[in-house]
Number of protein chains: 2
Amino acid sequence: MKRNSRLSSTLHILVHMAEEPGHALTSEQLATFIHTNPVVVRRTIAGLRDAGIVTSSRGHGGGWLLGRAPEAISLAEISAALGETLLPFSTEPESPGCLVEQAVIAVLDDFRIAAERLLAEKLSRITLADLTADFRRRYDLIGVSSHAI
Amino acid sequence: MKRNSRLSSTLHILVHMAEEPGHALTSEQLATFIHTNPVVVRRTIAGLRDAGIVTSSRGHGGGWLLGRAPEAISLAEISAALGETLLPFSTEPESPGCLVEQAVIAVLDDFRIAAERLLAEKLSRITLADLTADFRRRYDLIGVSSHAI
DNA sequence: CTTCATGTAACTTAATTAGTTACGATATGC
DNA sequence: GCATATCGTAACTAATTAAGTTACATGAAG
């Protein structure tokens with residue numbers, strides 16, 4: 001799992017889970033999908049459990065399940081549950097007292113807040129069900145879902 | 001200069017330059033504004049020179065000047081010249097051949113492209129002049145522009 | 001009571017970026 | 001022409017962050 005691919009890796013995992021409703025998948029199985037190891041998976045999606053997007057159970061036959069229907073899980077929630085910042089730039093002061101910096105930060109912060117709201121709004125309109133539907137289209141066309149390599 | 005603060009640090013520098021039109025500032029002077037060293041400044045704003053946002057000259061009395069009026073320099077150009085990605089998440093394939101991943105990346109990429117366009121459009125409406133105006137408002141109110149600490 | 005699974009802490013490794021040193025190229029002023 | 005000031009850039013070092021790994025405790029199922 002590369003850097004900065006937590007969102008797409010998590011979506012990858014969730015679509016696989018959505019494709020096997022009712023069947024718990026283990027961290028180990030999920031890890032193979034995104035070519036990493038079970039602990040990284042657990043750590044990555046721990047926040048999704050807290051948000052009710054997935055549930056986990058221990059012991060024999062345990063593993064991970066979607067917490068609700070794919071139609072009711074938006075990318076905005078997923079992204080938020082991962083604790084990802086949509087915008088990468090910092091607006092932390094580094095020169096307290098400098099009015100130039102204060103002006104820069106004020107403008108940049110306004111932009112950041114508006115942009116984040118905008119992006120979250122766009123992401124809230126895309127659901128896991130949209131992803132599975134897109135997957136199904138590809139699957140019906142090509143007929144393979146191999147995990148070669 | 002902290003991580004992820006290249007945009008705000010660069011804006012900080014540019015506003016200082018805008019506040020002294022016609023007077024070249026050295027990398028060393030610019031570096032003190034953002035608490036770093038001259039080489040980091042040169043490296044950071046090298047792209048702005050290529051984009052015509054600033055000009056640099058060597059030798060005695062040399063340094064950095066704005067390449068055009070603050071009204072004609074938008075944050076979109078600055079951000080682009082810094083080579084920053086507005087959105088931090090990756091959409092690079094990691095499991096070639098997996099249709100689930102392909103579906104995820106397709107949807108995410110559509111979103112990314114639309115979002116980037118949207119953000120760039122918003123940033124293109126904010127100019128350096130807006131920042132200097134904001135600074136002047138603060139300055140007129142408080143009357144200090146010290147760089148204490 | 002053994003096995004399988006998650007939860008999590010602690011550590012190691014890898015990647016990225018800022019910071020630093022060094023020096024060549026170039027422009028100015030004496 | 002020579003001393004000085006400045007950028008341009010390569011090469012290295014240090015700091016930070018995130019992924020990967022190991023280890024083990026906890027809990028559920030048969």
Side-chain angles (χ1 to χ4, degrees), chain A residues 1-10 12-13 17 20 23-67 81-85 88-90 92 94-95, chain B residues 1-10 12-13 17 20 23-67 81-85 88-90 92 94-95:
Chain A
M1 179 175 161
K2 289 188 205 129
R3 259 172 131 88
N4 287 350
S5 67
R6 273 168 62 206
L7 180 56
S8 83
S9 293
T10 300
H12 186 164
I13 280 174
M17 285 168 64
E20 285 193 81
H23 177 213
L25 295 173
T26 67
S27 313
E28 184 130 21
Q29 293 173 301
L30 297 178
T32 66
F33 292 141
I34 59 171
H35 303 112
T36 183
N37 76 45
V39 177
V40 172
V41 169
R42 286 181 219 137
R43 199 155 59 195
T44 302
I45 64 178
L48 305 206
R49 182 185 49 231
D50 302 339
I53 295 166
V54 296
T55 62
S56 64
S57 56
R58 307 206 234 198
H60 224 111
W64 300 82
L65 285 169
L66 291 186
L82 286 172
E84 301 224 306
T85 55
F89 58 83
S90 158
E92 291 291 304
E94 298 181 60
S95 308
Chain B
M1 178 174 161
K2 289 191 206 127
R3 262 175 129 87
N4 287 350
S5 67
R6 274 168 61 207
L7 180 55
S8 82
S9 293
T10 300
H12 186 161
I13 280 174
M17 286 168 64
E20 285 192 81
H23 177 213
L25 295 174
T26 66
S27 314
E28 184 130 21
Q29 294 173 300
L30 297 178
T32 65
F33 292 141
I34 59 171
H35 303 112
T36 183
N37 76 45
V39 178
V40 172
V41 169
R42 286 181 218 137
R43 200 154 58 194
T44 303
I45 64 179
L48 304 206
R49 182 184 49 230
D50 303 339
I53 295 166
V54 296
T55 63
S56 64
S57 56
R58 306 206 236 199
H60 222 114
W64 301 82
L65 284 169
L66 290 186
L82 286 172
E84 301 224 306
T85 55
F89 57 83
S90 158
E92 291 292 303
E94 297 180 60
S95 307

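These figures come from a predicted structure and were not determined experimentally. In the text below, chain A, chain B and the rest are named by the order of the sequence lines, each starting its count at 1.
- The bend of the helix from C:dC1-D:dG30 to C:dC30-D:dG1, defined by the angle between the axes of its first five and last five pairs, stands at 10° to the nearest 10°.
- Counting all heavy atoms, side chain and backbone alike, B:Ala24 lies closest to B:Gly62 at CB-O, 4.0 Å.
- Taking the side chain to side chain contact (heavy atoms under 4.5 Å, CB included) definition, one finds that B:Glu84 meets it with B:Arg6, B:Leu7, B:Ser79, B:Leu82, sequence neighbours left out.
- Nearest heavy-atom pair across B:Ser95 and A:Phe33 is OG-O, 3.3 Å.
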Return all side-chain donor-acceptor pairs below 3.5 angstrom for residues 42-55 of chain A, not counting sequence neighbours, or 'none' if the list is empty.
from	atom 1	to	atom 2	distance (Å)
A:Arg42	NE	A:Ser27	OG	3.1
A:Thr44	OG1	A:Val40	O	2.6

Which atoms of nucleotides 12-16 of chain C (N or O only) lie under 3.5 Å from a protein N or O atom, and what are those distances?
from	atom 1	to	atom 2	distance (Å)
C:dT16	O2	B:Arg3	NH2	3.2

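- Considering only residues two or more places apart in sequence or on other chains, B:Ser5 meets the side chain to side chain contact (heavy atoms under 4.5 Å, CB included) condition with A:Ser90, A:Glu94, B:Met1, B:Lys2, B:Ser8, B:Ser9.
- Residues passing the side chain to side chain donor-acceptor pair (under 3.5 Å) test with B:Glu20, sequence neighbours excluded: B:His23.
- For the contact set between residues 43-56 of chain B and DNA chain D, defined by any heavy atom under 4.0 Å, the members are B:Arg43, B:Arg49, B:Ser56.
- First and last contacting nucleotides of DNA chain D toward chain A (any atom under 4.0 angstrom from a heavy atom, 5' to 3' order): D:dT17 to D:dA29.
- Among all heavy-atom pairs drawn from B:Met17 and B:Leu66, the shortest one is CE-N, 3.5 Å.
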Sugar-phosphate atoms are those with a prime plus P, OP1 and OP2; base atoms are the rest. Using that split, label each nucleotide of nucleotides 22-30 of chain C B, S or - for protein heavy atoms under 4.0 Å, 5' to 3'. B-BBSBB--
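- A sub-4.0 Å separation between OP1 or OP2 of C:dA5 and a side-chain N or O of A:Thr26 is absent.
- Side chain of A:Thr26 to main chain of A:Gln29: a donor-acceptor pair is present (N/O by atom type, distance under 3.5 Å, no hydrogens or angles).
- To the nearest 0.5 Å, the span separating CG on A:Leu30 from CD1 on A:Ile13 amounts to 5.0 Å.
- Put simply, B:Asn37 has a side-chain N or O that comes within less than 4.0 Å of OP1 or OP2 on C:dT20.
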